[in-house]
Amino acid sequence: MIIYLHGFDSTSPGNHEKVLQLQFVDPDVRPISYSTIHPRHDMSHLLKEVHKQLMLSADEEVVICGVGLGGYWSERIGFLCGIPSVIFNPNLHPEVNMQGRIERPEEYIDIASKCVSEFRTKNKGNCTVVLSENDEVLDNKVSEQELKDYYQVVWDKEQSHKFKDISHHLQLIKSLKRLPSL
């Protein structure tokens, strides 16, 4: 099973395209939608929904994927649920770069203070990061510096921030599927 978390633009047709591409790796792709507006509520909702999908699935090999803001959540939810994650152009600091786009950006700071301390150290090797050289929204060199000591970082030369085509990374996603540690 692959769990897919969309980015901030939840209504983009690109989300459906990514789900279709992920189905080449596993026919059981489960997109989980969330509001993107209220971070504390989003985290609670995502944890509950991912846990429910894990309980409902007979598949023993699971990976969670997300793009942009979905990458932010995939890293954390994957860690908290004990499943590997693949994050594309993750928005690592929505409290800074989403001012004016979400109602309560300060909730991301609150989430960071309530998450397990040093969670990346504890999650080391359980997440793979795919960064676009052509990301027009985020400075991925900064993201690489923040994540490279914890996770494998793969660079993509073609895609933009929304990462419309993930097909070059499907084998990577397939290789990371493994049993959840519930």
Side-chain angles (χ1 to χ4, degrees), residues 2-25 29 31-39 42-43 46 63-79 83-109 111-112 115 119-120 123-176:
I2 298 174
I3 297 170
Y4 174 74
L5 303 182
H6 60 76
F8 182 73
D9 187 3
S10 60
T11 60
S12 167
N15 290 313
H16 180 68
E17 292 171 15
K18 284 187 252 328
V19 168
L20 292 175
Q21 291 172 50
L22 288 168
Q23 287 177 335
F24 283 104
V25 173
V29 177
I32 297 178
S33 193
Y34 59 101
S35 76
T36 73
I37 303 294
H38 305 289
D42 292 343
M43 183 164 189
L46 286 167
V63 68
I64 186 168
C65 298
V67 177
L69 188 58
Y72 172 91
W73 288 120
S74 293
E75 179 190 15
R76 282 155 181 77
I77 302 299
F79 167 68
I83 56 177
S85 55
V86 179
I87 57 178
F88 294 86
N89 292 334
N91 185 345
L92 300 178
H93 297 285
E95 72 278 7
V96 173
N97 56 36
M98 295 190 74
Q99 295 282 336
R101 299 181 83 188
I102 56 177
E103 291 184 23
R104 295 180 183 95
E106 70 279 358
E107 288 184 8
Y108 285 107
I109 297 167
I111 288 166
C115 195
F119 89 93
R120 286 192 176 124
N123 197 40
K124 191 170 187 169
N126 202 38
C127 178
T128 300
V129 184
V130 183
L131 299 173
S132 171
E133 290 181 8
N134 301 314
D135 191 325
E136 72 283 5
V137 176
L138 302 171
D139 182 349
N140 280 335
K141 295 282 186 201
V142 173
S143 297
E144 177 190 37
Q145 289 303 310
E146 189 169 335
L147 299 173
K148 71 178 183 174
D149 292 337
Y150 307 102
Y151 309 133
Q152 174 189 11
V153 175
V154 176
W155 284 96
D156 185 283
K157 296 177 190 276
E158 305 296 323
Q159 298 303 304
S160 65
H161 178 70
K162 289 189 177 188
F163 233 101
K164 184 177 179 182
D165 183 6
I166 61 173
S167 64
H168 292 93
H169 306 285
L170 293 177
Q171 289 307 311
L172 170 68
I173 295 167
K174 184 176 184 174
S175 73
L176 297 172

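These figures come from a predicted structure and were not determined experimentally.
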Ignoring hydrogens and geometry, is there a side-chain-to-backbone donor-acceptor pair from Gln152 to Thr128 under 3.5 Å? no
Please report the closest heavy-atom contact between Ser85 and Glu75, naming both atoms and the distance. OG-CA, 3.9 Å
Give, for atom CD1 of Ile2 and atom CD of Gln23, the distance between the pair rounded to the nearest 0.5 Å. 9.0 Å
Minimal heavy-atom distance between Asp165 and Gln159, with the atoms involved, is N-OE1, 3.0 Å
Residue pair Tyr34, Leu69: steps toward the side-chain contact (heavy atoms from CB on, under 4.5 Å) verdict: CA-CA 11 Å; Tyr34 59 101; Leu69 188 58; 3.9 Å; yes
State the CH2-CG distance between Trp73 and Leu5, to the nearest 0.5 angstrom. 10.0 Å
Taken to the nearest 0.5 Å, the spacing of His161 NE2 from Asn91 CG works out to 6.5 Å
Between Arg76 and Arg120, is a side-chain contact (heavy atoms from CB on, under 4.5 Å) present by the stated rule, with each step listed? CA-CA 9 Å; Arg76 282 155 181 77; Arg120 286 192 176 124; 4.0 Å; yes
Does the ring centre of His93 sit less than 6.0 Å away from the ring centre of Tyr72? no
Could you check Leu172 against Val130 for side-chain contact (heavy atoms from CB on, under 4.5 Å), going step by step and ending with a plain yes or no? CA-CA 10 Å; Leu172 170 68; Val130 183; 4.2 Å; yes
Looking at Trp155, I'd like to know if the NZ or CZ of Lys141 sits under 6.0 Å from its six-membered ring centre while staying within 45 degrees of the ring's axis. yes
Nearest 0.5 Å, what's the NE2-SG distance between His6 and Cys65? 14.0 Å
Closest contact, heavy atoms only, Glu136 versus Ser160: OE1-CB, 3.2 Å
Check the orientation of His169 and Phe88. Use parallel for under 30°, tilted for 30 to 60°, and perpendicular for over 60°. perpendicular
Mark yes or no for whether Lys162, through its side chain, and Gly68, through its backbone, hold a donor-acceptor pair below 3.5 Å. no
Just wondering, are more than 12 heavy atoms of other shown residues or ligands nearer than 6.0 Å to CD in Glu133? yes
Contact summary for Leu138 and Pro90, nearest pair of heavy atoms: CD1-O, 3.3 Å
Go through the steps to decide whether Leu92 and Leu147 satisfy the test side-chain contact (heavy atoms from CB on, under 4.5 Å), and finish with yes or no. CA-CA 10 Å; Leu92 300 178; Leu147 299 173; 3.8 Å; yes
If you round to the nearest 0.5 Å, how far is OG of Ser132 from CZ of Phe163? 5.5 Å
Write down the atom of Ile166, the atom of Lys18, and the distance for their closest heavy-atom approach. CD1-O, 4.0 Å
If every non-hydrogen atom of Ser143 is compared with every non-hydrogen atom of Leu131, which pair is closest and at what distance? CB-CD2, 4.2 Å
One should read off an interatomic distance between Asn140 CG and Asp135 CG, to the nearest 0.5 angstrom, of 4.5 Å
Side-chain donor/acceptor of Glu144 to backbone N/O of Val129, under 3.5 Å: no
Hydrogens and angles aside, do Asp156 and His168 bring a side-chain donor and acceptor to less than 3.5 Å of each other? no
